[in-house]
Amino acid sequence: MRYLAVVVALLAVVLGVTGFVYSEADDSPGLQFLSALLVIGAVAIGVRVARRTR
């Protein structure tokens, strides 16, 4: 179960970074905001999972 949360968090980070890069080319501030929120949320989940396993 822990590995699934880590994999989902990593996929969310990759998706968020990809969206952020794409939004730079398209000049879309809304997509940049949503991508940043996705990355921040994924990092928060990753930290939560890491702290819970200690």
Side-chain angles (χ1 to χ4, degrees):
M1 185 68 169
R2 180 182 75 164
Y3 296 113
L4 179 63
V6 171
V7 169
V8 169
L10 286 175
L11 287 175
V13 168
V14 169
L15 184 64
V17 169
T18 303
F20 200 80
V21 170
Y22 179 72
S23 66
E24 285 289 326
D26 192 30
D27 196 27
S28 172
L31 184 57
Q32 288 178 353
F33 178 69
L34 290 176
S35 298
L37 283 179
L38 184 63
V39 170
I40 292 168
V43 169
I45 290 171
V47 168
R48 182 176 174 192
V49 168
R51 292 185 78 194
R52 189 182 296 175
T53 58
R54 288 185 183 182

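Here, residue 1 is the first one in the sequence, and each next residue gets the next number.
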What pair of heavy atoms forms the shortest contact from G46 to A9, and how long is it? N-CB, 4.4 Å
Output side-chain donor-acceptor pairs under 3.5 Å for residues 35-45, partner residues at least two apart or in another chain, one line each.
residue: S35; atom: OG; partner: F20; partner atom: N; Å: 3.3
residue: S35; atom: OG; partner: L31; partner atom: O; Å: 2.8

Pairs meeting criterion side chain to side chain donor-acceptor pair (under 3.5 Å) with involvement of residues 7-21, two or more places apart: none
